[in-house]
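Below: the structure, in structure tokens.
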Amino acid sequence: MSVTSRSSSSAPRLLAVSDLHVRYPENRTIAHDLRAGSDGDWLIVAGDVAERVDDVISTLGLLRERFARVIWVPGNHELWTRGKDPVQLRGEHRYRHLVEQCRTIDVVTPEDPFPVWTGDGGPVTIAPLFLLYDYSFRPAGTSSTAEAMAAAYRAGVVCTDEHLLHPDPYPTRAAWCDARVADAEKRLTAIDPSMPTVLVNHWPLTRFPTQVLRYPEFALWCGTERTADWHVRFRATLVVYGHLHIPRVTWEDDVRFVEASLGYPRERRSRDARGITVDPLPRQVLPVPDR
């Protein structure tokens, strides 16, 4: 799953990966083997690198040594607070700590100025986002969060976030999501209206990608309806996300959506057994690869 060896003469590319989950030894090996193909390659890391802060930062630091620029957004796993993690910060405080640690290794975060990709496929403003979810991706037949959660519990499909992702100091995860969406909306609106964008978020920006979930109730933890038109409203040429562990390319309103996850070893073994092939990682997102 590694890119070919570095060549300073190769044209720079914008690459993407998500859901490295390096707590699994097999995944850690794959992450450590990721390399640029040229001196100018940039890498988007769309969340869920690891659960422990030290694993997140050491992995991102290694990638930063190999790529001209690394752009990271958090996933839900980075925001989990497990009892054995030396960093016991929760919620917003944990996120801000991760941001500060990323800055020490020169990794771009959602709190930093948006970088502009000027290589092939550009110029485009790359907007790393941290938006969370608000339980508005509800299962069919439910009309409120309470009904949706009840349906999920009856189905036995409950995300571990309910136990490990704390919203402190916000009263709920939905309230934290509301604050994140409002902040991102302001920043995206301030981008030069003549500039196209690449939107990066761990969770899908629209509900469409969740329609293929084996357990539809899990969509509750996958995004917010408030961003359903952002790919059009903010002139996206490309949207990069992860979280679903269903690597693929889809199109909405003539905008390309790339799910760039590595996922869990058992998921890859299942795909292999079914003869399903996916593009190698990191995935080239700009320029758009030839088919």
Side-chain angles (χ1 to χ4, degrees), residues 1-3 15-35 43-52 55-56 58-60 62-63 72-80 82 131-133 137 139 152-153 155-165 200-223 238-252 256-285 289 291:
M1 288 206 175
S2 59
V3 171
L15 304 165
V17 68
S18 72
D19 297 78
L20 289 171
H21 295 290
V22 301
R23 67 176 292 190
Y24 296 94
E26 181 180 332
N27 283 26
R28 186 180 294 269
T29 298
I30 292 171
H32 283 203
D33 285 344
L34 295 176
R35 297 181 184 278
L43 181 66
I44 291 168
V45 183
D48 278 5
V49 175
E51 296 164 13
R52 290 171 54 113
D55 281 339
V56 175
S58 63
T59 302
L60 290 175
L62 177 65
L63 295 173
W72 166 83
V73 299
N76 52 314
H77 283 245
E78 279 105 338
L79 302 173
W80 286 2
R82 287 191 178 275
L131 302 176
L132 278 167
Y133 50 85
F137 289 0
Y153 272 89
V157 180
V158 180
C159 185
T160 306
D161 291 5
E162 294 299 309
H163 308 288
L164 297 179
L165 199 163
V200 181
N201 188 50
H202 177 66
W203 296 268
L205 291 185
T206 75
R207 187 165 186 172
F208 176 75
T210 71
Q211 292 178 2
V212 297
L213 288 173
R214 182 177 181 183
Y215 302 104
E217 295 84 1
F218 187 74
L220 275 172
W221 293 273
C222 291
L238 169 70
V239 176
V240 177
Y241 68 101
H243 190 57
L244 302 185
H245 296 192
I246 306 173
R248 60 178 180 152
V249 175
T250 56
W251 293 81
E252 298 180 55
R256 186 163 157 258
F257 285 67
V258 177
E259 208 277 14
S261 63
L262 173 62
Y264 301 135
R266 68 175 182 274
E267 294 165 331
R268 296 195 301 279
R269 287 193 290 270
S270 175
R271 286 196 298 267
D272 290 345
R274 290 176 289 158
I276 299 173
T277 59
V278 297
D279 290 342
L281 295 177
R283 180 168 293 182
Q284 179 176 325
V285 293
R291 293 292 182 183

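Atom-to-atom distance recorded for Arg28:CZ and Thr59:OG1 is 6.0 Å, nearest 0.5 angstrom. The CH2 atom of Trp72 lies 14.5 Å from the CD1 atom of Ile44; values are rounded to the nearest 0.5 Å. Atom CG of Leu34 sits about 9.5 Å away from atom CG of Leu15, to the nearest 0.5 Å. Separating the CD1 atom in Ile246 from the OH atom in Tyr241 is a distance of 7.5 Å, to the nearest 0.5 Å. Taken from SG in Cys222 to CD in Glu217, the straight-line distance is 11.5 Å, to the nearest 0.5 Å. In this structure, CZ on Phe137 lies 6.0 Å from OG1 on Thr210, to the nearest 0.5 angstrom.
Under the 4.5 Å side-chain criterion, counting only non-hydrogen atoms from C-beta, Val239 is not in contact with Glu252. Side-chain contact between His21 and Leu262: absent, with no pair of heavy atoms (C-beta onward) separated by less than 4.5 Å. Counting only heavy atoms from C-beta outward, the side chains of Pro139 and Leu220 approach each other to under 4.5 Å. Side-chain atoms of Arg268 and Ile30, non-hydrogen and from C-beta on, do get closer than 4.5 Å to each other.
In plain terms, the two heavy atoms of Val158 and Trp221 that are nearest each other are CA-CH2, 3.8 Å. Counting all heavy atoms, side chain and backbone alike, Pro247 lies closest to Arg283 at CB-NH2, 3.7 Å. Taking all atoms of both residues into account, the shortest heavy-atom contact from Val56 to Val49 is CA-CG1, 4.0 Å. Of all non-hydrogen atoms in Leu63 and Ala31, the two that sit nearest each other are CD2-O, 3.9 Å. Closest heavy-atom contact between Pro209 and Arg248: O-NH2, 3.1 Å. For Gly242 against Asp19, the heavy-atom pair with the smallest separation is CA-OD1, 3.5 Å.
Judged by distance alone, with hydrogens and angles left aside, the side-chain atoms of Asn27 form a donor-acceptor pair with the main-chain N or O of Gly263 at under 3.5 Å. The main-chain N or O of Val285 is found under 3.5 Å from a side-chain atom of Arg256 such that the two form a donor-acceptor pair. Judged by distance alone, the side chain of Arg207 and the main-chain N or O of Ala219 form no donor-acceptor pair under 3.5 Å. Remark: the backbone N or O of His245 is paired with a side-chain donor or acceptor of Glu259 at under 3.5 angstrom. Glu78 places a side-chain N or O within 3.5 Å of a backbone atom of Gly75 that can act as its donor or acceptor partner. For Arg52 (side chain) and Arg23 (main-chain N/O), no donor-acceptor pair under 3.5 Å exists by modelled atom type.
Ring planes of Phe218 and His243: parallel class, angle under 30° (limits at 30 and 60°).
Inspection of the Tyr133 and Asn76 side chains reveals no N or O donor paired with an N or O acceptor under 3.5 Å.
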